[in-house]
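Heavy-atom basis, side chains included; hydrogens, waters and symmetry copies ignored. Position 1 is the first residue of the sequence, and the numbers go up from there.
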Amino acid sequence: MELLVDCGNTRLKWRLQEQDTVTLSGALLVSELCVAQLQASLPKSANVLYWASVASTQKNQCLLAWAQQNTIACHQITAKLRWQDLTNGYQDPQQLGVDRWLAMVAARQHTQKAVCVVDCGSAITFDYVSAKGQHEGSYIMPGARLMAQALVRDTAQIKLTHQAPVEAHPGTTTSQSMLAGCQHMAHHGVRALVKEAQADGYQILLCGGDGLALADSLGVPYIAELVLDGLAQLASLDKH
């Protein structure tokens, strides 16, 4: 039994699988992550843990402590220069976020054509991969929540409440107006870059917690667990 863990900035997503068949899966908030929560939430029936993380060292240590307490072998997956025909385009391959690397690994299993992988999470990232598997570069922009947090932090008179509008329409309070504006900026920023990538011949694959609504509005594929799919690919490779 293999436990796959993708620890992002906002959520820890996990999948238990046996012989490539998923038996259990779930997600936890990274902000609340501790060993006790992991003990209560993660399956202890795993023989081995394959994990990738862009979270803090403290959060990573919680995961490692949990694995040690349950005598589960650990293998950390990081970004590499190459995997099969996929080549990392960063000057320093280790600087590429491992979640984005794994999403590209999985994307190559979906299509061998030029593809743009769009991850809509805390940050919104665009990674462009040629038909030959060359990572051609990236865009990184703040997601709606990060934009809102920046406004709250750097503007004295704005206070963020949880009265977020269901739709991104003009608000009738400062908090609603700010949240709606940030949602619009994120949405239209993604839309513009997606249309540009499509015009340049790239297929589009969206993932990330905020990606489903965008994928629906743009009419492009959304793959919720693209990062875990890539982790599963590299975990299988790691065993041989």
Side-chain angles (χ1 to χ4, degrees), residues 1-84 86 88 90 92-110 117 119-123 125 127 205 207-212 222-240:
M1 299 287 281
E2 301 165 346
L3 179 62
L4 308 179
V5 169
D6 162 32
C7 193
N9 292 302
T10 304
R11 293 190 301 159
L12 178 152
K13 287 161 281 187
W14 61 269
R15 175 192 293 175
L16 185 69
Q17 63 181 47
E18 184 174 16
Q19 297 180 345
D20 298 326
T21 299
V22 178
T23 58
L24 290 170
S25 63
L28 308 168
L29 287 175
V30 170
S31 61
E32 300 174 358
L33 204 62
C34 63
V35 176
Q37 186 195 42
L38 293 174
Q39 285 284 25
S41 303
L42 293 183
K44 304 177 185 65
S45 55
N47 305 112
V48 60
L49 165 66
Y50 293 94
W51 66 285
S53 176
V54 295
S56 67
T57 300
Q58 180 186 17
K59 300 302 183 183
N60 294 340
Q61 288 300 321
C62 289
L63 181 61
L64 292 173
W66 172 84
Q68 185 176 22
Q69 286 183 17
N70 293 282
T71 321
I72 298 174
C74 293
H75 298 278
Q76 183 178 9
I77 303 297
T78 59
K80 303 294 184 184
L81 176 60
R82 289 186 182 86
W83 181 78
Q84 294 186 355
L86 177 65
N88 191 326
Y90 265 29
D92 179 355
Q94 288 289 318
Q95 284 191 348
L96 177 68
V98 64
D99 52 345
R100 292 159 56 205
W101 175 246
L102 293 174
M104 286 189 281
V105 165
R108 289 296 286 174
Q109 310 311 301
H110 285 276
V117 182
D119 191 335
C120 299
S122 300
T125 60
D127 285 290
L205 291 180
C207 62
D210 295 334
L212 180 57
Y222 174 76
I223 305 173
E225 296 189 346
L226 195 63
V227 174
L228 280 174
D229 291 343
L231 183 56
Q233 289 286 330
L234 292 188
S236 178
L237 184 68
D238 191 76
K239 291 183 293 185
H240 296 91

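- How far OG1 of Thr125 is from CG of Asp119: 4.5 Å, rounded to the nearest 0.5 Å.
- Counting heavy atoms from C-beta outward, Pro93 and Trp101 have side chains that stay 4.5 Å or more apart.
- Taken to the nearest 0.5 Å, the SG atom of Cys207 stands 11.0 Å off from the CD atom of Glu225.
- Looking at every heavy atom in both residues, Ala107 comes nearest to Val117 through CB-CG2, 3.7 Å.
- For Glu32, the side-chain contact (heavy atoms from CB on, under 4.5 Å) test picks out Leu29, Gln37, with sequence neighbours left out.
- With hydrogens and angles left out, the side-chain atoms of Asn88 and Gln94 include no donor and acceptor closer than 3.5 Å.
- Annotation: the span from Trp51 atom CH2 to Leu12 atom CG amounts to 10.5 Å, rounded to 0.5 Å.
- By the side-chain contact (heavy atoms from CB on, under 4.5 Å) test, Gln109 pairs with Trp83, Gln84, Gln233, sequence neighbours left out.
- Heavy-atom neighbours of Arg11 CZ from other residues, nucleotides or ligands within 6.0 Å: at or below the threshold of 12.
- Of the inter-residue distances, the one linking Leu42 atom CG with Leu28 atom CG reads 6.0 Å to the nearest 0.5 angstrom.
- Residues passing the side-chain contact (heavy atoms from CB on, under 4.5 Å) test with Gln95, sequence neighbours excluded: Tyr90, Asp92.
- Listed by first and then second residue, the salt bridge (Lys or Arg N to Asp or Glu O under 4.0 Å) pairs that reach into residues 48-61 come to none, sequence neighbours excluded.
- Residues passing the salt bridge (charged side-chain N to carboxylate O under 4.0 Å, His left out) test with Asp6, sequence neighbours excluded: Lys13.
- In this structure, the separation between CG on Leu226 and CZ on Arg100 is 13.0 Å, given to the nearest 0.5 Å.
- Of all heavy-atom pairs spanning Ser45 and Leu16, the tightest one is OG-CD2, 3.6 Å.
- Nearest approach of Leu102 to Val227, heavy atoms of both residues: CB-O, 3.7 Å.
- No more than 12 heavy atoms of other residues, nucleotides or ligands shown are found within 6.0 angstrom of CD on Gln68.
- Residues that satisfy the side-chain contact (heavy atoms from CB on, under 4.5 Å) test with Glu18, not counting sequence neighbours, are Met1.
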